[in-house]
Amino acid sequence: MTLTKWNAHAVRLIAGAAIGLGLTACQPAGDRAANEAAEAPANLTAESNAVMPDNAMAVEEEAKKSIIRPEIEPSPTPTPPAEPVERTIPFPAKGTQPDPAGLAQLDTLLADPVLALGGPITIWGHSDSAGSDAVNLTASRKRAEAVRDYLVEKGVAAQRITVIALGEARPIAPNRKLDGSDDPEGRDKNRRVEIKVDLPTPSPPAETPAAR
């Protein structure tokens, strides 16, 4: 090849290369990205396709989880066993009928579920020490009977009730102070009726007939 022909051939090669570079530079970015993705290793593409769905599924399942589990119901709170009920009804000085405060306590007792169980009721009448023993004993009995009558009037069976008069024999506070003077507050506490509602006595088990 002569020098002139060689130079002409070299010029054509350089021009072709320049045109190729120019076309690559003018290619849109999206097309270049598509070409690059097509040239990525096949195993990398397959690996990405295998991992992404699993991750997406795990995220979706996690989103569905909740700290509240409706399928587990809370355990019911056990009902505490019934116990006997006691009340103390105050009485005014020289009074044998309960005052409004005493009636309010009796109404509370009537609403107590234990009373409705039908157990026995004991009523103790008390007095302070003002007066003779006989007078105080009578006053304490009248107070206890007044409470019994009120309960019976409200529907409590009379045969459930036992009345006990104790007079001044069971004080819960001093009737007099240490200097011998009267103690009005102590006397007020001693003029009272105490009530106790017990639980019903369980019925004895039925006897099993003897085998013959």
Side-chain angles (χ1 to χ4, degrees), residues 68 70 72-209:
I68 300 176
I72 299 179
E73 297 182 357
S75 301
T77 303
T79 303
E83 295 182 355
V85 176
E86 298 182 5
R87 292 287 188 275
T88 299
I89 312 301
F91 277 76
K94 298 182 180 180
T96 57
Q97 296 294 324
D99 59 11
L103 292 176
Q105 290 204 43
L106 289 174
D107 290 337
T108 301
L109 176 64
L110 288 166
D112 196 298
V114 175
L115 185 71
L117 297 178
I121 302 171
T122 306
I123 301 177
W124 295 274
H126 302 271
S127 71
D128 58 23
S129 63
S132 65
D133 292 347
V135 169
N136 292 335
L137 187 62
T138 300
S140 67
R141 179 173 296 278
K142 289 181 177 179
R143 289 169 184 151
E145 290 174 345
V147 169
R148 177 201 60 194
D149 294 344
Y150 186 82
L151 295 180
V152 172
E153 179 185 348
K154 296 297 183 178
V156 179
Q159 59 268 27
R160 294 176 56 188
I161 303 175
T162 300
V163 171
I164 301 174
L166 293 174
E168 60 181 274
R170 300 294 297 271
I172 58 173
N175 289 291
R176 292 185 176 277
K177 299 179 181 179
L178 291 178
D179 60 3
S181 61
D182 188 50
D183 189 340
E185 293 183 1
R187 292 184 184 278
D188 289 343
K189 294 178 181 179
N190 292 330
R191 289 190 304 270
R192 71 196 190 278
V193 165
E194 295 175 336
I195 309 172
K196 183 178 181 182
V197 181
D198 285 302
L199 301 178
T201 303
S203 301
E207 295 183 1
T208 304

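All values reported here derive from a predicted model rather than from experimental measurement.
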**OP:** Could you tell me whether the side chain of Arg87 reaches within less than 4.5 Å of the side chain of Asp112, counting heavy atoms only?
**Re:** yes

Original post:
Atom CG in Asp198, atom CD in Glu86: separation rounded to 0.5 Å?
Top reply: 8.5 Å

Original post:
Is the closest side-chain heavy-atom distance between Arg143 and Pro98 below 4.5 Å?
Top reply: no

**OP:** Would you check if Val193 and Trp124 make a side-chain contact, meaning some heavy-atom pair closer than 4.5 Å?
**Re:** no

Subject >> Distance in Å, Ile172 CD1 paired with Lys189 NZ, rounded so as to fall on 0.5 Å steps >> reply: 7.0 Å

Subject >> Heavy-atom closest contact (Arg141 atom, Ala165 atom, distance) >> reply: CB-CB, 3.6 Å

**OP:** Any chance you could measure Tyr150, atom OH, to Ile89, atom CD1, to the nearest 0.5 Å?
**Re:** 10.0 Å

**OP:** May I ask you to test the Ile195-Val85 pair for a side-chain heavy-atom distance under 4.5 Å?
**Re:** no

**OP:** Going by the side chain to side chain contact (heavy atoms under 4.5 Å, CB included) test, name the single residue among Asn190, Asn136, Leu137 that passes it with Glu168.
**Re:** Asn136

Original post:
Which value, rounded to the nearest 0.5 Å, describes the distance between Thr96 atom OG1 and Phe91 atom CZ?
Top reply: 7.5 Å

Original post:
How long is the span from the CG atom in Asn175 to the CG atom in Asp182, to the nearest 0.5 Å?
Top reply: 8.0 Å

Subject >> Side-chain heavy-atom pair Leu117, Pro200 within 4.5 angstrom cut-off >> reply: yes

**OP:** Decide side chain to side chain contact (heavy atoms under 4.5 Å, CB included) for Val156 and Ile121; before the verdict, give the C-alpha distance in whole Å, the side-chain angles of both, and the deciding distance to 0.1 Å.
**Re:** CA-CA 10 Å; Val156 179; Ile121 302 171; 3.7 Å; yes

Original post:
About how many Å separate CD of Glu153 and CZ of Arg148, when rounded to the nearest 0.5 Å?
Top reply: 12.5 Å

**OP:** List the atom of Lys196, the atom of Pro84, and the distance in Å for their closest heavy-atom pair.
**Re:** CE-CB, 4.0 Å

Original post:
Do you see a donor-acceptor pair shorter than 3.5 Å between the side chains of Glu194 and His126?
Top reply: yes

**OP:** Evaluate salt bridge (Lys or Arg N to Asp or Glu O under 4.0 Å) for Asp183 paired with Lys177, printing each intermediate quantity in order.
**Re:** CA-CA 6 Å; Asp183 189 340; Lys177 299 179 181 179; 5.5 Å; no

**OP:** Go through Leu115 and Arg160 one step at a time and tell me if the side chain to side chain contact (heavy atoms under 4.5 Å, CB included) criterion holds.
**Re:** CA-CA 10 Å; Leu115 185 71; Arg160 294 176 56 188; 3.9 Å; yes

**OP:** Would you please test Ile123 and Ile164 for side chain to side chain contact (heavy atoms under 4.5 Å, CB included) and show each step?
**Re:** CA-CA 6 Å; Ile123 301 177; Ile164 301 174; over 6 Å; no

Original post:
If every non-hydrogen atom of Ala144 is compared with every non-hydrogen atom of Val163, which pair is closest and at what distance?
Top reply: CB-CG1, 3.5 Å

Original post:
Given Arg176 and Arg187, is the side chain to side chain contact (heavy atoms under 4.5 Å, CB included) satisfied, shown in steps?
Top reply: CA-CA 8 Å; Arg176 292 185 176 277; Arg187 292 184 184 278; 4.2 Å; yes

Original post:
Do Leu110 and Leu151 come close enough that some side-chain heavy atom pair is under 4.5 Å?
Top reply: yes

